[in-house]
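Below: one structure, written as structure tokens.
These values consider heavy atoms only, across backbone and side chains, with no hydrogens, waters or symmetry-generated copies. Just so we're clear, the structure is a prediction, and the values are computed from it rather than from any experiment. All residue numbers in this chain count up from 1 along the given sequence.
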Amino acid sequence: PNSYDELIKKLCQEFPSEADNISRFIHDLEKHVRIYAPLFDYTIPKYRSVPSFLTKIPAFLKHSMLGTRNYLETFFTNERLMAILFQPAAFMGIPMDEFPSVNYMMMFYLLMKNGMYTIHGGGQGLTDELKERFIQLGGTLKTGIEIKKIILKNKKAVAVLRSDGTRFD
């Protein structure tokens with residue numbers, strides 16, 4: 001589910017033996033996000049966000065050095081559940097062991113609380129829509145052709161030169 005509350009509810013249903021741990025995790029996550037988030041919110045003047053943060057520096061440093069796997073393992077033993085919870089951060093390309101838990105906390109909360117959206121039909125749906133719009137605008141789509149050069153005029157593509165020398169305007 002894209003809804004934060006629905007996700008938590010679904011996880012508790014899917015992992016009933018971890019329901020109490022999920023609640024503890026969400027409570028801990030939200031507690032830390034309330035502390036850390038104002039520092040990164042450009043709408044809050046620093047003179048308001050920094051003083052209350054100063055006493056929290058030890059926890060912030062701890063979470064900066066603690067990998068997400070270690071953070072999640074303080075709540076869970078189920079590898080599948082931890083993988084699901086880490087999924088929103090997977091696109092960063094940093095393994096769960098190395099991804100700082102403070103970054104994970106902020107990312108997970110903000111993505112899930114503010115809404116994480118996916119493309120209907122996935123990547124193929126996006127490709128199909130782009131192809132259709134390109135054709136609607138008068139473009140010609142050719143696939144499986146080796147291109148040697150894209151010819152530009154005034155910073156706009158005006159032609160394509162195939163490897164066999166054929167030119168498409």
Side-chain angles (χ1 to χ4, degrees), residues 1-11 13-15 22 25-26 29-30 32-34 36-46 48-50 60 63-72 76 78-169:
N2 284 339
S3 159
Y4 183 73
D5 295 330
E6 286 297 315
L7 173 67
I8 295 164
K9 182 179 170 185
K10 180 75 172 167
L11 289 173
Q13 290 170 353
E14 191 73 25
F15 300 94
I22 292 168
F25 162 72
I26 293 300
L29 177 83
E30 291 177 352
H32 288 98
V33 167
R34 276 193 301 277
Y36 305 152
L39 282 178
F40 304 103
D41 187 341
Y42 70 91
T43 65
I44 299 174
K46 295 301 173 216
R48 295 187 73 208
S49 63
V50 171
F60 182 82
H63 289 124
S64 295
M65 301 299 291
L66 182 69
T68 298
R69 173 176 294 283
N70 292 68
Y71 174 67
L72 292 175
F76 311 111
N78 188 300
E79 286 291 325
R80 183 169 166 254
L81 175 57
M82 288 189 288
I84 290 169
L85 289 169
F86 188 70
Q87 190 60 39
F91 75 92
M92 295 294 287
I94 303 171
M96 190 188 307
D97 296 339
E98 299 171 27
F99 195 69
S101 60
V102 69
N103 295 52
Y104 168 76
M105 290 174 186
M106 296 298 295
M107 178 183 290
F108 181 85
Y109 183 80
L110 293 173
L111 285 174
M112 299 314 296
K113 195 69 171 179
N114 293 338
M116 187 166 116
Y117 303 97
T118 57
I119 299 167
H120 181 72
Q124 187 62 52
L126 175 61
T127 301
D128 293 343
E129 290 296 321
L130 289 171
K131 178 187 89 175
E132 290 304 315
R133 184 66 178 143
F134 179 71
I135 291 168
Q136 287 173 1
L137 293 171
T140 303
L141 184 65
K142 304 259 186 204
T143 59
I145 298 170
E146 188 176 331
I147 301 299
K148 182 177 180 180
K149 184 177 182 181
I150 298 174
I151 301 165
L152 302 175
K153 188 174 186 179
N154 297 327
K155 298 183 180 182
K156 292 186 180 182
V158 294
V160 176
L161 186 62
R162 286 178 46 173
S163 296
D164 67 4
T166 309
R167 179 180 163 129
F168 290 102
D169 291 307

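Residues R162 and K148 are not in side-chain contact: their nearest non-hydrogen atoms beyond the backbone lie 4.5 Å or more apart.
Taking every heavy atom of both residues into account, I150 and I147 meet most closely at CG1-CG2, 4.4 Å. Scanning both residues, F134 and L141, for their nearest heavy atoms gives CE2-N, 4.1 Å. Considering every non-hydrogen atom in both P100 and S64, the closest pair reads CB-O, 3.5 Å.
Checked against the 6.0 Å centroid threshold, F76 and F15 do not count as a close aromatic pair.
Between the side chain of N154 and the backbone N or O of K156 there is no donor-acceptor pair closer than 3.5 Å. Judged purely by atom type and a 3.5 angstrom limit, T68 uses its side chain to pair as donor or acceptor with the backbone of F99. A donor-acceptor contact shorter than 3.5 Å links the side chain of S101 to the backbone of H63.
Relative ring orientation between F86 and Y104 is described as parallel, the plane-to-plane angle staying below 30° on a 0-90° scale split at 30° and 60°.
Distance check, rounded to the nearest 0.5 Å: CD of Q136 to NZ of K131 gives 11.5 Å. Distance CE/M105 to CZ/F60: 10.0 Å, rounded to 0.5 Å.
For L137, the CG atom counts as densely surrounded, since its 6.0 Å shell holds more than 12 non-hydrogen atoms of other residues, nucleotides or ligands.
Looking at K9 and E14, no side-chain N of the basic residue comes within less than 4.0 Å of a carboxylate O on the acidic one, giving no salt bridge.
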